[in-house]
Amino acid sequence: MIEHRTTCITKSKPDGGHEIITHIGGTSGGGWRISAQTAAHAIDAQSAIFYTIGNPAGALYTIGVVRDGSKFPYLRTHEGGVWNDYLLSLPSCPLP
């Protein structure tokens with residue numbers, strides 16, 4: 001399984017309001033950016049792990065797929081089995 005450190009996101013509404021993460025990306029291998037849908041498929045297929053490192057003290061946050069019945073699946077971070085919103089705090093990915 002391939003692991004990808006995620007260091008940036010792209011939101012549907014970068015200026016605020018109800019926002020959806022549309023893409024995630026990172027700097028490894030010269031930089032990468034993929035759609036949230038592609039990442040969700042890779043997570044579901046167990047072909048890739050996406051994670052980010054945050055504060056405090058370099059905590060490791062794994063990115064998972066949330067399905068709550070009424071919404072489309074979306075990406076969210078969790079640590080120690082607890083879902084959190086750390087992924088939304090990452091900076092915006094540079095535009096291609």
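All figures in this text were calculated on a predicted structure; none of them were measured in a lab.
- Between His4 and Phe50, the two ring planes are parallel [angle under 30°; tilted spans 30° to 60°].
- By the ring pair (Phe, Tyr, Trp, His ring centres under 6.0 Å) test, His23 pairs with no residue at all, sequence neighbours left out.
- Nearest approach of Gly25 to Cys93, heavy atoms of both residues: N-SG, 3.8 Å.
- For residues 77-89, every residue pair satisfying the side chain to side chain donor-acceptor pair (under 3.5 Å) rule, not counting sequence neighbours, is listed here: Arg76-Asp85, Thr77-Asn84.
- Under a 3.5 Å cut-off, the side chain of Thr52 and the backbone N or O of Thr6 do form a donor-acceptor pair.
- When all heavy atoms are compared, the tightest approach of Ile24 to Leu75 is CG2-CD1, 4.0 Å.
- In this structure Tyr51 satisfies the side-chain contact (heavy atoms from CB on, under 4.5 Å) test together with Glu3, Arg5, Ile53, Leu60, sequence neighbours excluded.
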Solution key, residues 39-48 side-chain donor-acceptor pairs under 3.5 Å, sequence neighbours excluded:
unit_1: Asp44; atom_1: OD1; unit_2: Arg67; atom_2: NH2; d: 3.4
unit_1: Asp44; atom_1: OD2; unit_2: Arg67; atom_2: NH2; d: 2.4
unit_1: Ser47; atom_1: OG; unit_2: Ala42; atom_2: O; d: 3.4

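- Listed by chain and residue number, nothing satisfies the side-chain hydrogen bond (donor to acceptor under 3.5 Å, both in side chains) test with Thr62 (two or more places apart in sequence, or in another chain).
- Leu90 and Tyr74 are members of different hydrophobic clusters when ILVMFWY side chains are connected at heavy-atom separations under 4.5 Å.
- Here the closest heavy-atom approach between residue Cys8 and residue Gly26 is recorded as SG-N, 4.2 Å.
- Looking at residues two or more places apart in sequence or on another chain, you find a side-chain contact (heavy atoms from CB on, under 4.5 Å) between Thr27 and Thr7.
- Under the rule for a side-chain hydrogen bond (donor to acceptor under 3.5 Å, both in side chains), the partners of Thr10 that lie at least two apart in sequence or sit in another chain are Arg33.
- The line from CG of Leu87 to CD1 of Ile63 is 5.0 Å long, rounded to the nearest 0.5 Å.
- Cluster partners of Met1, using a side-chain heavy-atom cutoff of under 4.5 Å among ILVMFWY residues and allowing indirect links, are Ile49.
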